[in-house]
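Quick note: numbers below take in every heavy atom, side chains included, and nothing from hydrogens, waters or symmetry partners. In this chain, residues are counted from 1 in sequence order.
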Amino acid sequence: QVQLVESGGGSVQTGGSLKLSCARSRRFIASNCMAWFRQAPGKEREGVASIDSIGGSTHYADSVKGRFSISQDNDKKTMFLQMNSLKPEDTGMYYCAARQLCENWVRENGYNYWGQGTQVTVSS
């Protein structure tokens, strides 16, 4: 059964905006760190942003700082990624993932839950 479901992807031109959502199921256990990863064809998957679902602390990859914003709703069942000033380099499949702690959040190991992904395409 799918535990994370992404939505909100699409195709935009350079400079446009998109807002991604990740719905979290009720079956999560000790998964307090929620993160967004992305992967472009031929490239390795990379961390984009993370948020501590309890304390709300956020982290961002240098490449998206100042442009992307990660957040969660009040009941912590949905995570969002607001993406502004999009660039072609942002193109890829975006995944949400969950792990216990956000320390070393960019490392894929430890993320027990992954969504199916939502495609983001930014054209020049």
Mind listing the closest non-hydrogen atom pair of [X] and [Y] along with its distance?
{"X": "Ser31", "Y": "Ala98", "result": "CB-CB, 4.0 Å"}
{"X": "Ser17", "Y": "Ser85", "result": "OG-N, 4.3 Å"}
{"X": "Gln119", "Y": "Gly92", "result": "NE2-O, 3.4 Å"}
{"X": "Met79", "Y": "Ile70", "result": "SD-CD1, 3.7 Å"}
{"X": "Arg99", "Y": "Glu103", "result": "NH1-O, 3.9 Å"}
{"X": "Ala35", "Y": "Trp105", "result": "CB-CE3, 4.3 Å"}

Check whether any side-chain heavy atom of [X] sits under 4.5 Å from a side-chain heavy atom of [Y], and report yes or no.
{"X": "Leu81", "Y": "Ser69", "result": "no"}
{"X": "Glu6", "Y": "Trp36", "result": "yes"}
{"X": "Arg24", "Y": "Leu4", "result": "yes"}
{"X": "Met83", "Y": "Leu20", "result": "yes"}
{"X": "Ser63", "Y": "Glu89", "result": "no"}
{"X": "Gln100", "Y": "Asn32", "result": "no"}
{"X": "Glu46", "Y": "Val106", "result": "no"}
{"X": "Arg45", "Y": "Arg38", "result": "no"}

Indicate yes or no for a side-chain donor-acceptor contact from Asn104 to the backbone of Arg107 under 3.5 Å, with no hydrogens or angles considered. no

Thr121 side chain to Thr91 backbone, donor-acceptor under 3.5 Å: no

Determine whether Met93 and Trp114 fall in the same hydrophobic cluster, where Ile, Leu, Val, Met, Phe, Trp and Tyr are linked whenever their side-chain heavy atoms lie under 4.5 Å apart. yes

Hydrophobic cluster identity match, Leu86 and Tyr60, side-chain contacts under 4.5 Å: yes

From CA spacing to verdict: side-chain contact (heavy atoms from CB on, under 4.5 Å), Val48, Phe68: CA-CA 9 Å; Val48 177; Phe68 290 11; 3.6 Å; yes

Ring pair (Phe, Tyr, Trp, His ring centres under 6.0 Å) with Phe37: of Tyr94, Tyr95, Tyr111, only one passes, and it is Tyr111

Between Ser21, Ser71, Ser7, Cys96, which is the residue that forms a side-chain contact (heavy atoms from CB on, under 4.5 Å) with Thr78? Ser21

Start with the C-alpha distance between Phe80 and Gln72, add both sets of side-chain angles, then the distance that settles side-chain contact (heavy atoms from CB on, under 4.5 Å), and finish with yes or no. CA-CA 6 Å; Phe80 306 97; Gln72 61 186 359; 5.6 Å; no

Any chance you could measure [X], atom [atom1], to [Y], atom [atom2], to the nearest 0.5 Å?
{"X": "His59", "Y": "Cys102", "atom1": "NE2", "atom2": "SG", "answer": "5.5 Å"}
{"X": "Ser11", "Y": "Leu18", "atom1": "OG", "atom2": "CG", "answer": "8.5 Å"}
{"X": "Met34", "Y": "Thr58", "atom1": "CE", "atom2": "OG1", "answer": "14.5 Å"}

Are Asp90 and Lys87 within salt-bridge range, i.e. N to O under 4.0 Å? no

